[in-house]
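Just below is one structure, and these are the notes that go with it.
The figures here come from the full heavy-atom set of this structure, side chains too, leaving out hydrogens, waters and symmetry mates. Letters A, B, ... are given to chains in the order of the sequence lines, protein chains preceding strands, and every chain is numbered from 1.
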Protein chains: 2
Amino acid sequence: MTQESPGALLSILRDGRARTRADLVQVTGLARSTLTQRLDALLDQRWILPVEEAISSGGRPATAFAFNPRARLVLAADLGVTRARVALTDLSGAVLAEHAADLPIDGGPERCLTWLLDTADDLLTDSDISDVGGIGLGLPGPVEHRSGRAVNPPLMPGWDGFPVTEWLGAKIDAPVLVDNDVNIMALGEHRAAAPDVEHMIFVKVGTGIGCGIVSERRLHRGAQGAAGDIGHVRVPAADLALCRCGNLGCLEAIAGGAALAARLRVEGTRDVVRLVRGGTAEATNLVRESGREVGLVLASIVNFFNPSVIVIGGDLAEAGEHLLAGVREIVYGRSLPLATQRLDIRASVLRDRAGVSGAAMMVIEHVLTPASVDRMVEFG
Amino acid sequence: MTQESPGALLSILRDGRARTRADLVQVTGLARSTLTQRLDALLDQRWILPVEEAISSGGRPATAFAFNPRARLVLAADLGVTRARVALTDLSGAVLAEHAADLPIDGGPERCLTWLLDTADDLLTDSDISDVGGIGLGLPGPVEHRSGRAVNPPLMPGWDGFPVTEWLGAKIDAPVLVDNDVNIMALGEHRAAAPDVEHMIFVKVGTGIGCGIVSERRLHRGAQGAAGDIGHVRVPAADLALCRCGNLGCLEAIAGGAALAARLRVEGTRDVVRLVRGGTAEATNLVRESGREVGLVLASIVNFFNPSVIVIGGDLAEAGEHLLAGVREIVYGRSLPLATQRLDIRASVLRDRAGVSGAAMMVIEHVLTPASVDRMVEFG
DNA sequence: CGACTTTTGATTGACCATCGGCAGAAGTCC
DNA sequence: GGACTTCTGCCGATGGTCAATCAAAAGTCG
């Protein structure tokens, strides 16, 4: 029924399960001879590997074949405003090596990307595989995914319009995919924890506030790549609060980590988390109140978007369940019953690894499309 | 390059432009002989027709072929709370015949659908084509599109869980597609006025308020088919207003047509429009204020969803530009610059025909998928 | 250890869709 | 009307897929 090119065959085996020839003949409907031909093509370039699986039913045991996640490496990076993380993953998204460091994004693209390449080199020399199949990168601002460029990013001086794809592609010969950091976190969280969910929203509450949107299992990026920017929605409670964007009344100005830190007279979001963990009642209350304010905005969005899962992540979500509790309190009370009755509001499971994990998934799904695999099998 | 089955070929010709064999060889990359074979298959069942186009360039003139929208009929219906519209369209979506009448949806499914079939019969007898290729239906409440059933509809007693698809399919042997009425209006408006726009929101302000969401040119229906229900978002200005849903503070309770009619002491939304057209200042001000309230909710949604077009439709939008002006005033002032700088907020062009037009498009796009056409070309 | 079972790899001819060339048809231009 | 151009239908060549067959391989079972 389905057209089964080598690439289409590989996408069946992508789930990691090992399958015998007989299994695959059943699934694909192909003749055994044709199937063997396809498998040989994939085996040649080690896209799949034979695995010993002696489930003999009285005769010669069948050899099972499984997807080989080590066929290529993926370089994934999540550049935040002040912190950066680089990881080497295989084609299943499993992290093989990683490194995190403090790196201010306002150092500009060349400095940051050079650091990225240097770090990648270090990680690569420690690895036994060397074939990089793609690079995925998350940036803390609006990104036009198609061209791989940041557009009018408020926190990234020097990055506006910088051709990240071309710059990195010139150094490493592999496809480069760039996206907003919250988008890749949403993607990572979706693929890891809720791959079957059709519509999901990932909310990152850190120094700022933003969200990533998954519609029909795919990222919704919006017209200018600016979708998900809920940090600057105006909320009544913030009427008098000045936001870093220059306006009054932004959600972020009252519920973001920076706002909480200012009120608690500490330096940053991480200090707020520390206070909460230390048991400071004022901090705990503020975080919960922050959750309520976020919940207020999400309540409208739930009616509008009708997701089945909302994931809460970001630094401020690390302060126990308080943020989550605040969000739940308001969303379940304020949205329509039909939209909330099966709505699951949960905490991020990948936490600070969601970004690199999502960046890796973004690359993997790009590289492992049937058409793309067919090309690679055919030439070199 | 692309796999060009008869169905894929037809989808190239779907745009209505006539093309010669030479044109199609260029586009598809197929051999002329193969292409002729495909064309013959499509000609056999009149999916395409040869058109006289003597653009001879010195030799034998080429015959051009064009999509035949008359190959099948589509039955499209838009059932509102009190008003219903049925239309017969061709496969381009052009309305061939239509009929509108007052029909209360609370009469229950069997009565409404029987009326629909009777009306369709009348329209069909006047038509020279008789082959119905599909039925599209819009209903005023949440619909689970997959199963074709209304789920917990607040305004449609007797419809909850009723198997519309099966019931209609038993009477007319054709695929039946059901969706929320605002969704099909959004689809109709998108395909007619903004087919190249990726992300669009259609807002219907009538007796109630709802919106249809287009993401990546496709309808986003949400987890329970409840996406777009912005009428019951809580807004501060409505704190004391009781909504028909039983809650306090809903947008609809202050900005919906029913709310305006109550304040103006007239019966329904159409009376409000009549007052505005008659020049009653109070009515005009109320409609504009309604636009502002809707704009307040949309401002958050624009930040979240980042559409490039917002279309304002529904009965209240018929009262001149006042509603639109109110929406624009708030959205352009309150959303992020990046999200609004290229945002187009415009009025519906299809007006009260958006529903049937969208229902027809929903069916057409389902019936004319390459796979579906291939099946029809192969068997009968 | 031998009989039996089942998978595997290789080979074969049949089949079908596609391709490319060729001759005839249907025009234009001089 | 004849030369020329361009389109169209026809036919053999081509290449990938399929079903069938067979011998070898690698197990289990008595």
Spacing between B:Arg32 atom CZ and D:dC7 atom C1', to the nearest angstrom
8 Å

Is there a donor-acceptor pair closer than 3.5 Å between any side-chain N or O of A:Arg19 and the backbone N or O of A:Ile12?
yes

Find the distance A:Leu35:CG to C:dA10:P and express it as a whole number of Å.
14 Å

Is a donor-acceptor pair below 3.5 Å formed from side chain A:Arg60 to base C:dT6, judging by atom type as modelled?
no

Answer yes if the ring centres of B:His220 and A:His220 are under 6.0 angstrom apart, and no otherwise.
no

Looking at B:Gln37, does any N or O in its side chain come under 4.0 Å of the phosphate oxygens OP1/OP2 on C:dA17?
no

Presence of donor-acceptor pair under 3.5 Å, side chain of A:Ser33 and base of C:dG9
no

Consider the side chain of B:Ala31, meaning its heavy atoms from C-beta on, and name the nucleotide among C:dT8, C:dC19, D:dG9 that approaches it most closely.
C:dC19

How long is the line joining CG of A:Asp40 and P of C:dA10, in whole Å?
8 Å

Measure CG/B:Leu39 against P/D:dT8 and give the value in whole Å, please.
10 Å

State whether the side chain of B:Glu189 and the backbone N or O of B:Val349 hold a donor-acceptor pair below 3.5 Å, judged by distance alone.
yes

With side chains defined as the heavy atoms from C-beta onward, is the minimum distance between A:Leu75 and A:Leu124 less than 4.5 Å?
no

Does C:dC19 have its OP1 or OP2 closer than 4.0 Å to a side-chain nitrogen or oxygen of B:Thr34?
yes

Expressed in angstrom and rounded to an integer, what is the separation of B:Leu24 atom CG from D:dC7 atom C1'?
14 Å

N/O (side chain, B:Thr63) to phosphate O (OP1/OP2, D:dT8) under 4.0 Å
yes

Side-chain donor/acceptor of A:Arg21 to base of C:dG9, under 3.5 Å
no

